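From a predicted model like this one, the values you see are computed outputs, not experimental measurements. In the text below, chain A, chain B and the rest are named by the order of the sequence lines, each starting its count at 1. Note: hydrogens, waters and symmetry copies are ignored here, and every other heavy atom, side chains too, is used.
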Amino acid sequence: MKVITRFAPSPTGYLHIGGVRTALFNWLFAKNNNGLFKLRIEDTDLKRSTQEAKEAIMNGLKWLDLNWDQEEIYQSKRIDRHKEIGNELLRLGYAYKCYCSPEELTEMREKAKKEKKAPRYNGKWREKDESEAPKDIKPVIRIKCPQTGSTNINDIVQGNISIKNNELDDFIIIRSDGTPTYMLSVVVDDFDMGVTHVIRGDDHFTNTFRQKHIYNALNWELPKYAHIPLIHGMDGGKLSKRHGALGVDSYDDMGYLKETMLNYLLRLGWSHGDKEIISKEEAIKLFNLDSIGKSSAKFDIERLTSLNAYYIENKKNEELVLTIKNYYANKKNINITNNDLSLILNGMNGLKTRARTINELAEMCSFYIEKAPITLDKKSKKVLNNENINTLKLYYNQLSKLEIWNKEEIEEDIKMYCQANNINLGKLAQPLRAAITGKSVSPGLYELMEVLGKNETLARITNINN
RNA sequence: GUCCCCUUCGUCUAUCGGUUAGGACACCAGGUUUUCAUCCUGGAAAGAGGAGUUCGAUUCUCCUAGGGGAUACCA
C-alpha cells in the first residue's frame with residue numbers, strides 16, 4: 001500500500017517552527033517510503049482563518065522545498081461531504097440530536113468541576129425521544145461513544161496507550177448551525193485522502209481516542225498514528241517570540257539558510273546515532289518514525305546559529321555572492337557593481353568562515369562596496385586610538401612609496417617595517433585593518449589591500465589620519 | 001479538578017541490564033594565526049528523588065516531585 005501523509009495546518013497565524021517540523025517529518029516519511037505528501041488547509045473556522053496565513057504557510061513550505069503532491073485541499077470546500085457523513089452516522093444510529101442549550105452545557109461543566117470530576121457532557125439526549133425536543137432550540141449532532149470499557153491507541157511514537165471510555169463524552173460532530181466540527185472533518189478528510197499515516201503534534205493525542213470512535217462507527221480502517229512531542233521555548237514553556245514562535249519567514253529574514261532550518265528541525269526530536277550534519281538527501285534515506293523521541297525539545301537558537309555557520313562555510317562561493325547581491329538589492333536598495341561582486345567573490349573564502357548568518361556575511365562585505373571615506377564600526381574605532389593612528393601615520397609614508405602593488409610586496413613591506421622599527425606585526429596590521437575595512441574582522445590583510453588597489457587603500461588610511 | 005504523556009551534561013541527543021555514561025552546540029584553558037574568526041588539542045559538565053525486581057540498573061516496575069498536553073457548538 002502506498003504511504004500517504006499529510007500536513008494539515010489551520011491558517012490562523014504564521015507558520016511556526018513546530019508546524020514546519022511536523023511538515024518536515026510528514027514529508028520525509030512520505031519520501032522515504034516513496035509515497036505521497038499532501039497539504040490540507042483546515043480553514044473551516046472562517047472567523048479566524050485568513051488569506052495571509054494561508055499564504056504564509058505555503059510560502060514557508062516552498063521556501064524549504066517541502067513541496068506537496070497534488071493540489072492542496074481546502075477543508076472548507078468539503079463541508080457538504082462532512083455533513084453527509086454526519087447525517088449518515090445519525091441514520092445509522094451512531095449519533096443523535098442533542099437539544100441542550102449552551103447555558104445548560106456550561107452549567108453541566110461547572111457542576112462537574114465542583115464535584116472534582118472531568119467536565120463532560122452527561123449524555124442527556126442520548127436515549128431521549130425526538131418528541132421531547134424543545135421547539136426553540138436547534139440541535140447539535142453528537143456521536144455515541146461507548147460508556148464502558150476502554151479505548152486503545154497503538155501510537156508509533158507514544159506506544160500502546162489506553163484510556164477509560166468514561167473519560168470520553170459524546171462529543172459534537174455537527175454544530176447547531178449545521179456545520180461539521182473539526183473532529184468529524186479530520187476523520188472524513190483523512191479517509192477520503194487515503195492518508196495511511198497521521199504524523200502530527202502531541203497536542204492532538206487525546207483527540208485520537210475520540211476520532212477512533214468515528215472510524216469504528218463508519219467501519220473505516222484507522223490510519224497509523226505518530227504523535228510527535230511539542231517544541232518548547234528555552235524556558236521550558238510555550239514557544240516564545242524569541243524562541244521559535246516566529247514565522248519561518250523571519251528566520252529567512254535573519255539570515256538563516258534553508259538547509260540549516262531543515263537540518264536543525266530534523267534533529268529536534270529525531271536522531272540517528274551521533275550524526276549531526278544531515279543533508280536533505282541523506283535525511284530522506286535515513287528517516288524513520290521509530291527514532292523519534294518521546295520527550296519534548298527546547299528550541300535553542302544558539303545551536304541553530306552554529307549549524308548555520310557550518311552551512312554557510314560549506315556553501316559555494318558563487319552562491320553566497322549571489323545571496324549577498326540579493327541581500328543588498330532587497331534590504332538596502334543597493335545594486336552592487338560587477339566589479340565589487342568580483343572583489344567579494346575573491347575574498348569569500350576569508351569572509352565565510354567568519355559569518356554565522358547571511359546577514360552577518362553581507363554586512364562583512366560592506367568595505368568592498370564602500371569607497372573612501374568608509375564607515376567605521378565600534379570595534380574598529382576602538383582599535384584606532386591615538387597611538388595606533390600615529391603608527392599608521394608613520395607607516396603611511398613608507399607604504400605610499402611602494403611601487404609594485406601586490407600582496408607579496410605588501411606583506412614584505414609591512415614585515416620589513418615592523419622589523420626595522422621593532423614592533424609586533426599585530427601592532428601595525430590591526431590598525432591597518434581597522435582603517436581599511438572599518439572592521440576588526442576581515443579576510444587576509446595583504447590580499448585585501450591588493451584587491452582594493454593602492455589608491456583606495458591609501459585614501460582610506462588618509463581619512464583616518466585626518 | 002480529571003485524564004494522558006515526558007524527565008540523561010546549560011541545550012539537542014546516544015545508550016535497546018554489565019560502558020571510565022558517548023557525541024554535538026555553548027562554556028573554559030592551551031596551540032596555530034597579523035587581529036578576530038576558523039582550525040587543532042585539552043577541560044569542566046548529566047541519569048529528578050525514593051522504593052522495588054535483579055548477581056548487576058540510566059535501561060524494567062511502582063510511588064513522589066517537576067514539566068507538558070488534553071479536557072470547546074477552535075482547529
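- Rounded to whole Å, the C1' atom of A57(B) lies 9 Å from the corresponding atom of G18(B).
- Straight-line distance from the CG atom of L168(A) to the C1' atom of A72(B): 15 Å, rounded to whole Å.
- Ring orientation note: the planes of H227(A) and Y225(A) are close to parallel, at an angle under 30° on the 30°/60° scale.
- Across all strands shown, P102(A) has heavy atoms under 4.0 Å from base atoms, whether or not it also approaches the sugar-phosphate.
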Mind listing the N/O atom pairs, protein and nucleotides 18-20 of chain B, below 3.5 Å?
none

In a table with atom names and distances, give each donor-acceptor pair under 3.5 Å that connects a side chain of residues 443-454 of chain A to protein atoms at least two apart or in another chain.
| from | atom 1 | to | atom 2 | distance (Å) |
| --- | --- | --- | --- | --- |
| E450(A) | OE1 | K407(A) | N | 2.8 |
| K454(A) | NZ | S400(A) | O | 3.2 |
| K454(A) | NZ | L402(A) | O | 2.6 |

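- Contact of the K352(A) side chain with the I312(A) side chain is registered, since non-hydrogen atoms from C-beta on lie closer than 4.5 Å.
- With sequence neighbours excluded, the residues satisfying salt bridge (charged side-chain N to carboxylate O under 4.0 Å, His left out) with E276(A) are R267(A), R303(A).
- Electrostatic pairing of R78(A) and D192(A) counts as a salt bridge here, judged by a charged N lying under 4.0 Å from a carboxylate O.
- Annotation: G47(B) and G22(B) have their P atoms spaced 13 Å apart (nearest Å).
- Atom NZ of K298(A) and atom P of G69(B) are 13 Å apart (whole Å).
- The stretch residues 74-88 of chain A touches RNA chain B through Q75(A), each having a heavy atom under 4.0 angstrom from the strand.
- Salt-bridge annotation for K285(A) and E282(A): absent, with no side-chain N of the basic residue lying under 4.0 Å from a carboxylate O of the acidic one.
- Residues A435(A) and L392(A) come closest through the heavy atom pair CB-CD1, 3.9 Å.
- Rounding to whole angstrom units, NZ of residue K97(A) and P of C73(B) are separated by 19 Å.
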Heavy-atom protein contacts under 4.0 Å, nucleotides 1-6 of chain B, coded B base, S sugar-phosphate only, - none:
BSSSSS
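- In this structure, the side chains of S440(A) and Q430(A) come closer than 4.5 Å at one or more pairs of heavy atoms.
- Residue K439(A) contributes atom NZ, which lies 19 Å from atom C1' of U34(B) at whole-angstrom precision.
- One atom, CD of E42(A), and another, P of A75(B), lie 9 Å apart when rounded to the nearest Å.
- Across the protein-nucleic acid pair, K415(A) atom NZ and U33(B) atom C1' stand 11 Å apart, rounded to whole Å.
- By the salt bridge (charged side-chain N to carboxylate O under 4.0 Å, His left out) test, E72(A) pairs with no residue at all, sequence neighbours left out.
- Taking a pair to require two hydrogen-bonding distances under 3.5 Å in either a Watson-Crick or a G-U wobble arrangement, A44(B) remains unpaired.
- Remark: U61(B) base-pairs with A51(B). Criterion, Watson-Crick or G-U wobble with two distances under 3.5 Å.
- Using the six-membered ring where Trp is involved, F299(A) and Y264(A) have ring planes that are perpendicular, over 60° apart on the 30 and 60° scheme.
- One interatomic measurement links the two molecules: NZ of K275(A) to P of G22(B), which rounds to 21 Å at whole-angstrom precision.
- Qualifying side-chain contact (heavy atoms from CB on, under 4.5 Å) partners for K258(A), counting only residues two or more places apart in sequence or in other chains: W63(A), L64(A), D65(A).
- Searching all strands for a Watson-Crick or G-U wobble partner of U71(B) with both distances below 3.5 Å returns G1(B).
- Screening residues 204-214 of chain A for salt bridge (Lys or Arg N to Asp or Glu O under 4.0 Å) gives D169(A)-R210(A) as the qualifying pairs, with residues at least two apart or on separate chains.
- Residue R267(A) is the one, among R267(A) and T179(A), whose nearest nucleotide of RNA chain B lies closer to the 5' end (criterion: closest heavy atom).
- Atom-to-atom, CG of L268(A) to P of C12(B) comes out at 8 Å; the value is rounded to the nearest Å.
- Using a 4.0 Å heavy-atom criterion, one finds that H204(A) contacts the bases of the nucleic acid, with or without backbone contacts as well.
- In this structure, N207(A) reaches the bases: a heavy-atom distance under 4.0 Å links it to at least one base atom across the strands shown.
- Between U59(B) and U15(B), the distance separating the two C1' atoms is 8 Å to the nearest Å.
- Under the salt bridge (Lys or Arg N to Asp or Glu O under 4.0 Å) criterion, the residue pairs touching residues 353-369 of chain A are E302(A)-R356(A), K332(A)-E363(A), with sequence neighbours excluded.
- A29(B) sits 39 Å from G68(B) when the C1' atoms are compared, rounded to a whole Å.
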Distances under 3.5 Å between nitrogen or oxygen atoms of protein and nucleotides 24-32 of chain B:
| from | atom 1 | to | atom 2 | distance (Å) |
| --- | --- | --- | --- | --- |
| A24(B) | N3 | R303(A) | NH1 | 2.9 |
| C25(B) | O3' | S306(A) | OG | 3.2 |

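- Looking at heavy-atom distances under 4.0 Å, C98(A) makes no contact with the nucleic acid at all.
- U58(B) and A21(B): their C1' atoms are spaced 8 Å apart (whole Å).
- N166(A) pairs by the side-chain contact (heavy atoms from CB on, under 4.5 Å) definition with K164(A), not counting sequence neighbours.
- Contact annotation for T305(A): no contact, since no heavy-atom pair falls under 4.0 Å across all strands.
- Here the options are F37(A), F287(A), F7(A), W270(A), the test is ring pair (Phe, Tyr, Trp, His ring centres under 6.0 Å), and the partner is F25(A); only F287(A) passes.
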Determine, for nucleotides 35-44 of chain B in 5'-to-3' order, which nucleotides have protein heavy atoms under 4.0 Å from the base (write B), from only the sugar-phosphate (write S), or from neither (write -).
BBBS------
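- With both ends at atom P, the span from C63(B) to U71(B) equals 25 Å, rounded to whole Å.
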